[in-house]
**Student:** 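Right, I'll just put the structure down here and ask away after.
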Amino acid sequence: MDYKKAIISLSCEAKHETNEILRMSEYNPSNIEPKWQSYWLENKTFKTDDADRSRPKFYILDMFPYPSSAGLHVGHPEGYTATDILARYKRMKGFNVLHPMGWDAFGLPAEQYAVKTGTHPRVTTQYNITQFRRQLQAIGFSYDWDREVDTTDPAYFRWTQWIFLQLYHQGLAYEASVPVNWCPALGTVLANEEVIDGKSEVGGFPVIRKPMRQWMLKITAYAERLLNDLDELDWPDSVKEMQRNWIGKSVGADVRFDVDGHDEVIEVFTTRPDTLWGATYMVLAPEHPLVDVITTSEQRDAVEQYRKDASLKSDQDRTDTRKKKTGMFTGGYAVNPVNNARIPVWVADYVLISYGTGAIMAVPGHDERDWEFAKTFGLPIVEVVAGGNVEEAAYTDNQDGVLTNSASTGISLDGLNVPEAKKRIITWLEEQQKGRGTVNYKLRDWLFSRQRYWGEPIPIIHVDGQPKPVAESALPLELPEVEKYEPSGTGESPLATIEEWVNTTDPETGKPARRETNTMPQWAGSCWYYLRYISPDYELGPVDPEKEKYWMPVDMYVGGAEHAVLHLLYARFWHKVLYDLGVVSTKEPFQRLVNQGMILGEMEYTLFKDADGAYLSPDQAERYDGEVQRIKLTDEDIEKTSTGFALKTDAVQKYGLSEAAAGTYVIEARSYKMSKSRGNVINPDDVIKEYGADALRLYEMFMGPLEQVKPWSMRGVEGVFRFLKRVWRVYVDDRTDELNADLVDVEATRDQLKVLHETIKKVTEDIEGGRYNTAISQLMIFNNEAMKWEQKPKSVMNTFLVLLSPFAPHIAEELWSRLGNPNTIAAENWPKFDESYLVADAFTYAIQVNGKVRGTLELPADKATDKDLVLSMAKAEPGVAKYLAEGNIVKEVFVPKKIVNFVVK
RNA sequence: GCCGCAGUGGUGGAAUGGUAGACACGAUGGACUUAAAAUCCAUUGACCCUCAAACGGUCGUGCCGGUUCGAGUCCGGCCUGCGGUACCA
């Protein structure tokens with residue numbers, strides 16, 4: 001159609017339509033993106049070839065999402081885009097790439113929704129998965145969709161249950177009575193995150209600690225290996241450090257104290273056995289079984305009252321270090337094994353039953369907590385390590401201090417430093433059979449049961465009150481259908497209410513049996529999903545061993561920092577168990593880990609006022625007791641001051657503030673975490689609708705370094721969208737929708753090749769280094785140059801599309817095919833750069849005098865390395881000579897092709 | 001408190017110890033347009049000098065100090081923010 005005639009024929013009223021017509025051949029992602037997405041799916045472009053062992057493998061894994069009803073969030077595509085770029089790049093580099101996606105689909109929200117509406121969680125979950133899959137496909141991710149896994153699929157959790165049985169057989173799964181968050185008013189057990197300040201999140205009812213029978217996994221048996229094997233991993237230091245702290249290894253000794261007047265022993269764990277002579281009292285945790293034995297009749301009522309009070313306190317309250325220490329004397333005494341001193345035994349809740357032996361020897365001179373307790377209750381403080389003043393504070397140095405007051409018959413530590421003293425006393429304790437060197441971990445066994453419906457059933461039956469594993473051949477053990485999802489009211493899971501399911505018979509003995517009604521926590525499914533992707537249909541085990549050997553370990557694992565400890569530690573634990581069983585061939589699952597930073601909402605400018613409408617500074621607003629008015633400002637209302645942002649003078653009146661104080665109204669400028677309640681959530685669908693998936697991908701990467709926290713900006717999205725439009729116009733004539741006439745089959749000039757090869761180099765190195773933002777800026781630099789070329793060699797312009805394709809695959813495919821290339825660009829080889837094009841013809845020297853730049857000097861490449869020539873020319877520079885004349889040159893620094901510095905005095 | 005990370009223009013950010021601010025956003029001015037949008041061009045760290053511009057100069061990467069011919073970058077000490085953890089004996 002002749003577009004000019006068409007425009008002329010249109011009436012004035014329909015003018016906006018002319019824009020539509022003009023735009024038809026402009027870059028329009030909604031025309032091209034769905035087309036290429038279907039092409040990739042239909043042609044299985046990204047299907048991983050399992051049989052191919054000729055190429056090196058590369059396993060790129062994303063942390064799979066929980067498919068929530070809210071849909072995808074812009075935080076998800078951040079990491080997913082980074083891994084997708086890497087996956088597309090590695091394929092072009094000749095790697096056999098495994099890049100799968102799936103769903104961590106068990107979880108509380110679907111169950112809560114079921115309680116409210118009666119909808120089966122399976123229905124909700126499947127619907128949400130469909131939404132998530134559609135959204136991910138609309139971003140053009142190159143997953144092999146034939147490998148999708150779903151943790152709620154019986155074919156999947158069959159193997160989750162199988163792994164549980166292996167843990168059970170290894171003695172790593174056991175039952176124990178453990179306190180849970182019991183809410184009598186709701187008749188249910190609550191997860192930690194459902195309890196706020198000791199009250200239920202729903203309804204605000206009191207929550208108490210109630211012991212219940214639970215399944216535990218003995219992760220502590222692997223503590224040492226989980227700690228040591230961290231060293232080999234290419235993970236962020238912060239994550240490794242968090243895991244080390246979580247495992248919390250401490251080396252010390254168990255010491256036995258005889259109880260005076262009873263045939264009992266109090267065993268304590270201490271990291272400071274060298275301070276035994278300073279132990280002036282002992283403390284038992286309120287739950288310690290010896291409390292009953294030791295307490296004298298005079299003290300019994302008081303101690304019982306104290307224990308009762310402590311049991312009512314939440315863990316939070318008990319471990320709040322700001323509160324004053326509490327405790328009660330039991331009336332009993334213990335005997336210090338080093339000097340037979342008779343020391344009082346107290347009960348206090350600052351000692352935790354769950355760590356060490358639940359009892360301590362208190363050394364107030366050299367432990368801050370004991371010191372505080374001793375001061376509170378007037379207990380004696382003895383100095384046994386010289387160097388501080390124990391009357392004023394505990395002296396806790398454990399390196400340089402010298403032992404004192406530490407001698408008894410047959411043993412003396414006096415004069416030794418702390419490390420030597422520790423060794424000596426441990427040897428002595430072992431000889432005397434009063435104790436031994438031990439190691440303790442903060443890490444606790446993993447509470448593995450949940451009193452919920454929507455989780456993997458634990459494959460155990462109880463016969464004659466004893467647990468008995470379900471046969472492997474009977475797996476998967478599926479969830480029964482239920483009528484309602486409300487909790488049972490007894491604290492047990494809703495499964496407990498289904499009599500016909502709970503009551504069964506032991507297939508071996510025919511005896512009546514009761515099924516386990518607890519289900520597994522959400523962590524279970526995510527502990528091994530990376531293995532299932534390798535052989536998602538394998539029937540003989542969780543993973544095909546031959547394929548496992550080829551693909552493992554995961555070469556790159558990207559996800560949020562919130563999983564730094566628990567998910568990654570649990571998954572490592574299961575992996576090590578599977579390693580010991582010979583199911584997997586590597587000690588560790590994830591060789592390299594990267595955490596993406598959180599994406600915050602758009603920057604917000606806020607003016608604060610108090611309830612009466614008077615101005616509040618951000619600091620005042622934070623401390624203000626009443627209702628703070630928050631007034632959102634726009635860019636026009638604010639100006640930058642030397643210290644921050646303030647209300648512009650001409651906007652002061654608009655917000656009803658006194659003009660006399662104009663210029664002093666400091667406002668808050670910050671971006672907040674995206675949240676529904678704040679209303680600053682960005683939906684990727686909306687971004688795609690307006691700017692396309694390529695712009696979304698590009699912006700997510702261009703924002704800044706992947707690991708960093710960064711605020712969203714719609715204007716930034718527009719910026720990369722404009723870049724894509726410019727790329728489009730370099731290739732396509734937007735009046736005719738044909739290829740531009742200046743794209744021709746000519747030999748590239750040296751300058752063109754130089755920019756191209758610089759771009760190949762930079763983009764290649766930046767992808768390898770995970771610096772996607774600077775790779776994109778180099779692509780922009782190339783395009784800015786190419787726009788200026790009168791003739792654009794097709795060879796160069798083809799190569800550029802290959803470089804662009806991992807970042808913006810849809811536009812790259814479209815232009816690639818318009819250039820007449822018959823196959824998908826994804827099948828191309830990644831270009832190599834040629835150093836010879838990168839050599840500069842000329843170099844610019846910065847000429848410094850005393851470190852300050854006083855001039856520049858441009859020299860052709862052949863002269864630039866001639867030191868004498870460069871120095872003499874540098875001295876002759878007019879701007880430089882002036883400064884040289886101020887003194888004598890005492891030193892000449894010459895850095896070839898870069899800089900000259902004269903030191904003048 | 002302890003552990004980890006980070007502080008660079010109005011904004012996001014870039015810089016193997018070698019000309020700080022690449023690439024973008026925003027802003028300002030201009031071109032095109034009846035107009036707007038889109039697009040293109042130019043300027044854009046602060047300050048001083050100047051009628052103005054050019055030229056030039058001073059300062060400038062959270063703060064104080066150090067190493068170096070030369071420090072955003074390395075070292076020491078602080079401050080602030082973010083994340084984790086918290087009576088773990």
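Computed over heavy atoms, backbone and side chain alike; hydrogens, waters and symmetry mates excluded. Residue numbers begin at 1 in each chain, while the letters A, B, ... track the order of the sequences. In this text the structure is predicted, and so the values were computed from the model without any measurement.
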**Student:** How is A/Ile781 classified with respect to the nucleic acid when contacts are heavy atoms under 4.0 Å: base, sugar-phosphate, or nothing?
**Tutor:**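 Contact class for A/Ile781: sugar-phosphate only.
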**Student:** Any side-chain N or O of A/Asn784 below 4.0 angstrom from OP1/OP2 of B/A24?
**Tutor:**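 So the side-chain polar atoms of A/Asn784 do come within 4.0 Å of the phosphate oxygens OP1 or OP2 of B/A24, strictly under.
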**Student:** Pick the closest RNA chain B nucleotide for A/Asn245 and for A/Thr326 by heavy atoms, then say which residue is nearer the 5' end.
**Tutor:**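 Between the two, 5'-proximity favours A/Asn245.
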**Student:** Counting any heavy atom closer than 4.0 Å, what does A/Thr844 reach on the DNA or RNA strands: base, sugar-phosphate only, or nothing?
**Tutor:** base
**Student:** Could you work out the separation of B/G13 and B/G72 based on their C1' atoms and round it to a whole Å?
**Tutor:** 14 Å
**Student:** Got A/Asn850 and A/Phe902 here, is their nearest side-chain heavy-atom distance under 4.5 Å?
**Tutor:** no
**Student:** Rounded to whole Å, how long is the line connecting atom CD1 of A/Ile899 with atom P of B/G18?
**Tutor:** 9 Å
**Student:** If I take atom CE in residue A/Met242 and atom P in nucleotide B/G83, what distance separates them, rounded to the nearest angstrom?
**Tutor:** 11 Å
**Student:** CD of A/Glu718 versus P of B/A24: gap in Å, rounded?
**Tutor:** 15 Å
**Student:** So does A/Glu224 pair up with A/Lys249, basic N to acidic O under 4.0 Å?
**Tutor:** yes
**Student:** In terms of side-chain geometry, is the basic nitrogen of A/Lys762 or A/Glu758 positioned less than 4.0 Å from the acidic oxygen of its partner?
**Tutor:**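 No.
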**Student:** Return the value, rounded to whole Å, for the distance between atom CD of A/Glu858 and atom C1' of B/U19.
**Tutor:**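 One finds 13 Å between C1' of B/U19 and CD of A/Glu858, rounded.
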**Student:** For B/A38, does either OP1 or OP2 sit under 4.0 Å from a side-chain N or O belonging to A/Lys725?
**Tutor:** no
**Student:** Would one find more than 12 heavy atoms of other residues, nucleotides or ligands at under 6.0 Å from atom CZ of A/Arg256?
**Tutor:** no
**Student:** Between B/C49 and B/U34, how far apart are the C1' atoms? Round to whole Å, please.
**Tutor:** 46 Å
**Student:** Can you check the distance between B/C32 and B/C41, where both ends of the measurement are the P atom (answer in whole Å)?
**Tutor:**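 Looking at atom P only, B/C32 and B/C41 are 15 Å apart.
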**Student:** Would you say A/Arg771 places a side-chain N or O within less than 4.0 Å of OP1 or OP2 belonging to B/C23?
**Tutor:**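 No, no such contact exists.
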**Student:** Check the angle between the aromatic planes of A/Tyr772 and A/Phe807 and answer parallel, tilted or perpendicular using the 30° and 60° thresholds.
**Tutor:**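 Rings of A/Tyr772 and A/Phe807: perpendicular, over 60°.
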**Student:** Can you run through RNA chain B from 5' to 3' and write each base as (, ), [, ], | or . depending on how it pairs? Watson-Crick or G-U wobble, both distances under 3.5 Å.
**Tutor:** (((((((..(((.....[....)))((((((.......))))))((((.......))))..(((((..]....))))))))))))....
**Student:** How far does the C1' atom of B/G45 sit from the matching atom of B/G21, given to the nearest Å?
**Tutor:** 8 Å
**Student:** Please say whether more than 12 non-hydrogen atoms of neighbouring residues, nucleotides or ligands are located less than 6.0 Å from NZ in A/Lys673.
**Tutor:** no
**Student:** Classify the ring geometry between A/Phe800 and A/Tyr731 as parallel (under 30°), tilted (30 to 60°) or perpendicular (over 60°).
**Tutor:**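 Answer is parallel, since the angle falls under 30°.
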**Student:** If you measure from the P atom in B/U73 to the same atom in B/G60, how many Å do you get, rounded?
**Tutor:** 13 Å
**Student:** Classify the nucleic acid contact of A/Gly248 as base, sugar-phosphate or nothing, counting any heavy atom under 4.0 Å across all strands shown.
**Tutor:** nothing
**Student:** With a 4.5 Å cut-off on side-chain heavy atoms, are A/Lys710 and A/Leu600 touching?
**Tutor:** no
**Student:** The side chain of A/Trp246 lies closest to which of these nucleotides: B/C40, B/U85, B/G84?
**Tutor:**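 So the side chain of A/Trp246 is nearest to B/U85.
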**Student:** Where each residue is assigned the nucleotide of RNA chain B containing its nearest heavy atom, which of A/Met787 and A/Val720 is assigned the position nearer the 5′ end?
**Tutor:** A/Val720
**Student:** Determine the interatomic distance between C1' on B/U68 and the same-named atom on B/U85; round to the nearest Å.
**Tutor:**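 It comes out at 40 Å once rounded to the nearest Å.
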**Student:** Parallel, tilted or perpendicular: which one describes the rings of A/Tyr691 and A/Phe721, with boundaries at 30° and 60°?
**Tutor:**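 Perpendicular.
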**Student:** Closest to the A/Asp367 side chain: B/G84, B/A89, B/A38?
**Tutor:**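 Shortest atom-to-atom distance from the side chain points to B/A89.
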**Student:** Among the nucleotides B/U19, B/G18, B/A89, which one has an atom lying closest to any side-chain atom of A/Lys898?
**Tutor:**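 Side chain of A/Lys898 sits closest to B/G18.
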**Student:** Please measure how far the C1' atom in B/A53 lies from the corresponding atom in B/U43, and state the result in whole Å.
**Tutor:**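 Each nucleotide's C1' atom is 14 Å from the other's.
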**Student:** Within this structure, what is the CG-to-C1' distance between A/Asp734 and B/U39, rounded to whole angstrom?
**Tutor:**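 Checked: the CG to C1' distance equals 9 Å.
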**Student:** Starting the side chain at C-beta, find the nucleotide from B/A89, B/U19, B/U58 nearest to A/Arg854.
**Tutor:** B/U58
**Student:** Any chance CD of A/Glu562 has more than 12 other-residue heavy atoms, nucleotides or ligands included, within less than 6.0 Å?
**Tutor:**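 Counting other residues, nucleotides and ligands, CD of A/Glu562 exceeds 12 neighbours.
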**Student:** On a whole-Å scale, what distance lies between the P atoms belonging to B/A71 and B/G18?
**Tutor:**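 Nearest-Å result for B/A71 against B/G18 at atom P: 11 Å.
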**Student:** If you look at every heavy atom in A/Met242 and A/Val565, which pair is closest and at what distance?
**Tutor:**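 Answer, listing the atom of A/Met242 first, then A/Val565: CB-CG2, 3.9 Å.
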**Student:** Report the glycosidic orientation of B/G66: syn if within 90° of 0, anti in every other case.
**Tutor:**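 Anti, since the glycosidic angle lies more than 90° from 0.
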**Student:** Which part of the nucleic acid does A/Ser713 contact within heavy-atom distance under 4.0 Å: base, sugar-phosphate only, or nothing?
**Tutor:** nothing
**Student:** Is A/Tyr883 near enough to B/G56 that one of its side-chain N or O atoms lies under 4.0 angstrom from OP1 or OP2?
**Tutor:**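 No, no such contact exists.
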**Student:** Using 30° and 60° as the class limits, which term best fits the ring planes of A/His567 and A/His563: parallel, tilted or perpendicular?
**Tutor:** perpendicular
**Student:** Any carboxylate oxygen within less than 4.0 angstrom of a Lys/Arg side-chain nitrogen, looking at A/Arg244 and A/Asp237?
**Tutor:**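 Between A/Asp237 and A/Arg244 there is no salt bridge, as every charged N stays at least 4.0 Å from the carboxylate O atoms.
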**Student:** So, does A/Arg244 get its side chain near the phosphate of B/G4, meaning an N or O under 4.0 Å from OP1 or OP2?
**Tutor:** no
**Student:** Please tabulate, one pair per line, each protein N/O and nucleotide N/O from nucleotides 64-71 of chain B that are separated by under 3.5 Å, including the distance.
**Tutor:**
unit_1, atom_1, unit_2, atom_2, d
B/C69, OP1, A/Lys891, NZ, 3.4
B/C69, O2', A/Asn901, ND2, 3.1
B/C69, O2, A/Asn901, ND2, 2.6

**Student:** Of the nucleotides B/U19, B/C87, B/G26, which one has an atom closest to the side chain of A/Val853?
**Tutor:** B/U19
**Student:** Taking atom C1' of B/C23 as reference, at what distance in whole Å does atom CD of A/Glu758 sit?
**Tutor:**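 The distance from CD of A/Glu758 to C1' of B/C23 comes to 14 Å, rounded to the nearest Å.
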**Student:** Indicate, with a heavy-atom threshold strictly under 4.0 Å, whether A/Val351 touches base, sugar-phosphate, or nothing.
**Tutor:**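 The answer is base, as A/Val351 lies within the cut-off (heavy atoms under 4.0 Å) of a base atom.
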**Student:** For the pair made of OH in A/Tyr672 and P in B/C82, what is the distance, rounded to whole Å?
**Tutor:** 11 Å
**Student:** Check this one for me: any side-chain N or O of A/Arg722 less than 4.0 Å away from OP1 or OP2 of B/A38?
**Tutor:** no
**Student:** Show your working on side chain to side chain donor-acceptor pair (under 3.5 Å) between A/Thr856 and A/Tyr845 and close with a plain yes or no.
**Tutor:** CA-CA 5 Å; A/Thr856 57; A/Tyr845 275 93; over 6 Å; no
**Student:** Choose from B/C87, B/C59, B/G26 the nucleotide whose nearest atom is closest to any side-chain atom of A/Asp349.
**Tutor:** B/C87
**Student:** Where the side chain of A/Lys882 is defined as all heavy atoms beyond and including C-beta, which of B/G56, B/U39, B/U85 is the nearest nucleotide?
**Tutor:**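 Minimum distance to the A/Lys882 side chain belongs to B/G56.
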**Student:** Going by side chain to side chain donor-acceptor pair (under 3.5 Å), A/Thr759 matches just one of A/Lys754, A/Gln778, A/Glu785. Which one?
**Tutor:**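 The side chain to side chain donor-acceptor pair (under 3.5 Å) with A/Thr759 is passed solely by A/Gln778 among A/Lys754, A/Gln778, A/Glu785.
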**Student:** How would you summarise protein contacts on nucleotides 5-14 of chain B per nucleotide, using B for base, S for sugar-phosphate only and - for none, with heavy-atom distances below 4.0 Å?
**Tutor:** -----S-BSS
**Student:** A/Leu284 has an atom CG; how far is it from atom C1' of B/C87, in whole Å?
**Tutor:**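 So the two atoms are 16 Å apart, to the nearest Å.
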